[in-house]
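Quantities reported herein were computed from a predicted structural model and do not represent experimental measurements. Just follow the structure's listing: the first ligand is 1, and inside any ligand the first atom is 1.
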Amino acid sequence: MNKAVILAGGQGKRMKADMPKPLFKVLGEPMLEWVISACERAEIGDICVVKGFMGEMIDEYLGGRYRTVLQAERLGTGHAVMQAVPFLKEDESGNTLVLCGDAPFIDESTIKNSLEYHCANNNAVTVITAELENPHGYGRIIRTEKGISGIVEQKDASEEQKKIREVNSGAYWFRTADLIKLLDKITCENAQKEYYLTDTISIAISEGKNAGAYTSENPDIIKGANDRKDLLNLNTYARMAVIEKHLINGVEFTCTDGVIIERNVEIGTGTEIMAGTVLRGGTKIGNNCKIGPNVIAENCKTGDDVIINTAQIYDSEIESGVEIGPFVHIRPDSIIKKGAKIGDFVEIKNSVIGEKTAVAHLVYIGDSDVGRKVNIGAGTVTVNYDGIEKSRCVIGDKCFIGCNTNLIAPLKLGKAVYTAAGTTVTRDISDYALVIDRGVMKVKEGYTIRKFKSQL
Ligand code: UD1
Ligand code: CA
């Protein structure tokens, strides 16, 4: 069976952080995750991650999804793969893909096409290469009339070799049984005193085995980050690539400033995305919506014709025709049903807001089920927490909740209940009732004249 080894031992000293480099994020996901998901999409499910610097953080991130092996000392890419030999020996029948955990843009088609090339040529090893304008720093691919003869690292290259623009991406296919044998033969006799994985190519050739280079159509597979400036460049690159995909799908962007759309987000046609919109995780936006400016939506699903302006929405569902904003916070596990309106300075948490209900301004609704065509007045608070327990409020269809109503949960208001402004409701109310809870209003005529005589 085919499998993959992902090298993730890098520290990234120039990142200046106590974190393994492959965990730095590009568009909200660690670079390692991009590499893993490329493998998964290419149907390679048997993966071993070689960890090194702060390897426990890699384990913590993976949470047991894939196995890891520790490279205790950083002695080169060949040495890193040696740590995975027990994993390789479990099944030597297929091929092994070696990838760098800090080159996030390796893609499914490069993986699949290079494997096809690797198998068709009966290669012991196939290196995936790219042509670069500026090849500085990368291993150069040495070609002869007979094919490739090896890879020379920047630090070991002659002036003539440094001119070669075809470089090693750091990704390879190996016949697993050959990889195990080749790893035994590499030494650290080179400028960096490291065990170079790249030496497997010349060794394979010297033993009469086939070695080849597969040039990727997508030179971006080579992009990596050595410092934070590179990381920003990767983010910018990925960000624009995602936006371009949505443009092709019929999404409108008039200005992409501050627009960050993570790669698994789906957006329907005819939707307009405005400046400052950040769509994360598994967010799905419907057709003909207007999203932004200044919206964060994480793991949200919206219907069609939804308008969201200046809001933060997490793990919630917004049905068709809903209008939200400005200045709205919708916290996890909320459902805003068709045609509802959520206006400024409203917070909603773990609640259902019924169809065509209006929560126009200055309201907190938590742990509540609000019916259809309800009007919630300004200043209404569902008092869902008594300091120990959270409880639910149920508000029936067509209720009219007056301004500054406190609804002390647990509480159930029946159908079409009215509450007078300023009321604190402390027990269940049956259908069609009016609740008024007010002190007796007193008026003292002429009071301020008596009190402030001289100033008035
Ligand atoms: C390597 C290749 C070079 C190629 C380049 C592509 C070698 C000798 N050279 O160079 O030909 O053009 O990648 O980026 O392989 N790693 C470990 N343990 C180690 C050393 C590295 O896990 O002891 C990991 C790194 O974290 C990284 C990957 O291997 O993910 C590549 O290592 P890096 O140091 O970037 O390799 P280069 O010397 O740049
Ligand atoms: Ca590198």
Do the charged groups of [X] and [Y] touch, with an N to O distance under 4.0 Å?
X	Y	result
E207	K185	yes
E90	R67	yes
R65	E33	yes
D91	K3	no
D367	K390	no
E355	K337	no
E160	K163	yes

Query raised in the report: Using a distance-only test with no angle check, is there a side-chain donor-acceptor pair under 3.5 angstrom linking T110 and S216?
Result: yes

Pick one of side chain, backbone, both or neither for how [X] approaches ligand 1, counting any non-hydrogen atom pair under 4.0 Å.
X	answer
H79	neither
K21	neither
A103	neither
L75	backbone

Number the atoms of ligand 1 from 1 as they appear, then name those within less than 4.0 Å of a heavy atom of [X], with their elements.
X	value
G9	22 (O), 26 (O)
G139	3 (C), 4 (C), 11 (O), 12 (O)
A80	17 (C), 18 (N), 22 (O)

Under 4.0 Å, counting heavy atoms only: does [X] come that close to any atom of ligand 1?
X	answer
S169	yes
G52	no
V50	no
V167	no

Requested in this report: Could you pull out, from R74, E153, K51, K155, the option with a heavy atom nearest to atom 16 (N) of ligand 1?
Outcome: R74

Within-cut-off N or O pair, [X] and ligand 1, under 3.5 Å:
X	value
E73	no
T77	yes
T198	no
L197	no
Q192	no
N168	yes
G137	no

Query raised in the report: Which residue pairs satisfy the side-chain hydrogen bond (donor to acceptor under 3.5 Å, both in side chains) criterion with at least one member in residues 266-275, sequence neighbours excluded?
Result: E272-K290

**Report entry** side-chain hydrogen bond (donor to acceptor under 3.5 Å, both in side chains) partners of residues 228-250, not counting sequence neighbours, each pair once
**Finding:** D220-Y237

Query raised in the report: Can you find a heavy atom in the side chain of Y364 that is under 4.5 Å from one in the side chain of T382?
Result: yes

Query raised in the report: Taking atom CE of M57 and atom CG of L23, what is their separation to the nearest 0.5 Å?
Result: 6.0 Å

